[in-house]
Structure formats: C-alpha cells, structure tokens
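Reminder, nothing fancy here: chain letters follow the sequence lines and each chain counts from 1. Note: hydrogens, waters and symmetry copies are ignored here, and every other heavy atom, side chains too, is used. Model, not experiment: these values are computed from the prediction.
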Amino acid sequence: MKIVTWNVNSVRARLPHVENFLKDQQPDVLLLQELKCEDHAFPGSLGDFGYNCAVYGQKTYNGVAILSKHPIEDVQKGIPNFEDAPARYIEAFTGGVRVASVYVPNGQTITSAAYGYKLNFLEALCAHMQYLLALDEHIVIAGDYNIAPTDEDVYDPVAWKNEVLCTPAERESFRKILYAGYTDALAQKTGSTPYTWWDYRKGSFAKDSGLRIDHLLLSPRASDSLVNSTVHRYVRGLEKASDHAPVEVSLKI
DNA sequence: ATGGTTGCAGCGCAA
C-alpha cells in the first residue's frame with residue numbers, strides 16, 4: 001500500500017505533473033495540498049486515471065484532496081470541533097487505512113496573527129489526532145505541516161534559528177503529536193538529505209537549500225506495517241515544478 | 001543585494 005503526500009501549489013498549474021506522477025508511481029493513495037481552486041474546478045481528468053477523489057476546495061488559497069484507487073468512505077472536511085473556515089483538512093477511510101490530507105498554516109512571521117492561528121490550528125489537530133488513536137486503526141495523517149522538526153531537517157540551522165517553520169513553539173507542537181503516539185515515517189531516514197521543500201528563490205533546489213516540512217505521521221498500527229519511505233526529489237527538478245516534492249510511505253497491509 | 005520566484009487574479013497577497 002503506497003501512500004503519498006504532495007503540496008502541489010495549484011493543482012491546475014501542476015496538472016501534467018500530477019497525471020504523470022499517478023501514471024509513473026501508481027500510488028494507492030495521493031494526498032494533495034494547496035489545490036488553489038474550488039471543488040467544481042478540480043480537474044476531473046484525475047478520475048480517469050483510476051482514482052476516486054474527495055475534494056475540499058477553496059478559491060485562490062488552500063484546498064486539500066484525497067485520491068485513492070480504493071473506495072473512499074467516511075469523509076470528514078475540516079478538523080472536528082475547530083472553527084476553521086479555510087480548507088486545510090480532509091480525512092477519510094480508504095483501502096483499510098484512515099488517511100488525512102492536512103495543510104498547516106504557514107504562520108508568516110512570529111509577530112503576525114497568522115502565527116498565533118498556526119499554533120491554535122496545531123493544538124486542534126493534535127487533539128483530533130489523539131482522539132483518532134482510540135480507534136486503533138491504520139492511520140496516516142500526512143501533509144504540509146510547515147514545521148521543520150529538528151535542525152537536522154534544515155540546510156542552514158543557524159540562519160533559520162527562531163524563524164517561522166523552526167521556532168521552539170512550532171517544534172513543541174509537533175513533538176506533542178509524536179508523544180501522543182504517532183511516528184514520523186521519514187525521521188530516521190539516512191543517506192541523502194531528507195528535505196521536501198525548496199524555496200523558488202535564490203536557486204535553492206540547485207544548491208539543495210531545503211527544509212523537511214512535509215510529513216507522514218503514522219499510528220502505532222500503521223507504523224508496525226511500515227516497509228519503506230522516500231522523497232521523490234526528481235519531481236522538484238522538473239520544469240514548472242511545485243516548490244514541494246512528493247513524499248511516500250509503503251505499508252504492508 | 002533587506003533581494004529573490006511562483007500562482008492567482010487582474011493588484012497585491014500568501015507562500
């Protein structure tokens with residue numbers, strides 16, 4: 001069972017890349033973030049590739065979706081018990097796994113209202129993820145968390161010290177989710193750099209100036225079935241690429 | 001060099 005998360009930075013602008021990715025990689029489930037379109041504008045062609053689609057769209061900003069080769073059931077849009085107008089969370093049960101596609105707010109700057117909102121969002125997300133653990137299912141909550149969990153996940157930790165994406169409060173929020181019982185599937189990967197996002201500016205990808213901010217968090221049951229995880233870096237190197245690469249886990253289910 | 005790039009929308013904002 002292959003599950004992939006990918007912030008596409010506009011699904012319409014990225015349509016050829018998404019189609020090619022589905023054809024080439026054949027994931028069972030593809031979790032998308034930053035659709036930047038409403039439900040009616042979501043490309044219907046993706047269904048033609050053999051995927052069912054659950055879409056929570058929004059005009060211009062945000063938007064998340066679940067694509068699956070398996071039937072999609074029990075769809076939940078938005079984090080329960082969290083008043084949150086932007087389309088940043090969608091959850092469903094598919095192929096024996098409960099999955100969610102989450103787009104955590106960026107946070108802009110530490111002094112902005114957006115930063116406080118980000119921390120509130122993370123608190124609500126953590127509470128809901130804790131609730132889900134009681135179901136004792138295979139669960140994969142994946143997406144753009146907009147947090148680099150440790151200095152190991154940053155190309156220049158000194159330059160990024162206390163910058164948004166790397167602040168102690170954000171990292172504490174992330175650790176709370178792990179302490180609740182989730183496993184960061186990519187955390188123990190060694191070898192090449194683990195980055196998932198490279199800024200469009202300053203030739204960041206060519207210099208591998210990246211951060212690891214896209215994560216797949218696994219419930220204990222899902223973690224026990226984890227076979228492999230990988231970042232599809234080549235996708236970031238394509239013409240007209242998203243600034244995020246797809247990130248994959250394979251589970252033995 | 002307080003910059004740089006992208007997407008949406010149609011100007012500045014968010015990232």
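- Comparing the C1' positions of dG12(B) and dA1(B) gives an interatomic distance of 23 Å, to the nearest angstrom.
- A salt bridge is defined here as a Lys NZ or Arg NE, NH1 or NH2 lying under 4.0 Å from an Asp or Glu carboxylate O, and Lys189(A) with Asp184(A) fails to meet this definition.
- Connection of Leu31(A) to Tyr56(A) is established within a shared hydrophobic cluster, with ILVMFWY side chains joined at heavy-atom distances below 4.5 Å, either directly or through further cluster members.
- Under a hydrophobic clustering in which Ile, Leu, Val, Met, Phe, Trp and Tyr are joined whenever their side-chain heavy atoms come within less than 4.5 Å, directly or via other members, Leu30(A) and Leu251(A) fall into different clusters.
- In this structure, NE2 on His215(A) lies 12.5 Å from OG on Ser229(A), to the nearest 0.5 angstrom.
- The distance from atom CD of Glu239(A) to atom C1' of dT5(B) is 14 Å, rounded to the nearest whole Å.
- Atom C1' of nucleotide dG7(B) and atom NZ of Lys59(A) are separated by 13 Å, given to the nearest angstrom.
- Checking the phosphate oxygens (OP1, OP2) of dG7(B), a side-chain nitrogen or oxygen of Arg14(A) falls inside 4.0 Å.
- Distance NZ (Lys240(A)) to C1' (dC8(B)): 12 Å, rounded to an integer number of Å.
- Counting to the nearest Å, the P atom of dT6(B) and the CG atom of Asn9(A) are 10 Å from each other.
- Side-chain N/O atoms of Ser10(A) include one lying less than 4.0 angstrom from OP1 or OP2 on dC8(B).
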Report, one pair per line, the protein and nucleotides 13-15 of chain B atoms (nitrogen or oxygen only) whose separation is under 3.5 Å.
{"residue": "dA15(B)", "atom": "OP1", "partner": "Arg88(A)", "partner atom": "NH2", "Å": "3.4"}
{"residue": "dA15(B)", "atom": "OP2", "partner": "Gln108(A)", "partner atom": "NE2", "Å": "3.4"}

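- For the side-chain hydrogen bond (donor to acceptor under 3.5 Å, both in side chains) condition, the pairs that include at least one residue of residues 97-107 of chain A, sequence neighbours left out, are Gln33(A)-Ser101(A), Glu34(A)-Tyr103(A), Asp74(A)-Arg98(A), Arg98(A)-Glu137(A).
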Using the side chain to side chain donor-acceptor pair (under 3.5 Å) rule, take Tyr115(A) and Thr167(A) through it: C-alpha gap first, then chi angles, then the decisive distance, then the call.
CA-CA 10 Å; Tyr115(A) 181 73; Thr167(A) 65; 2.8 Å; yes
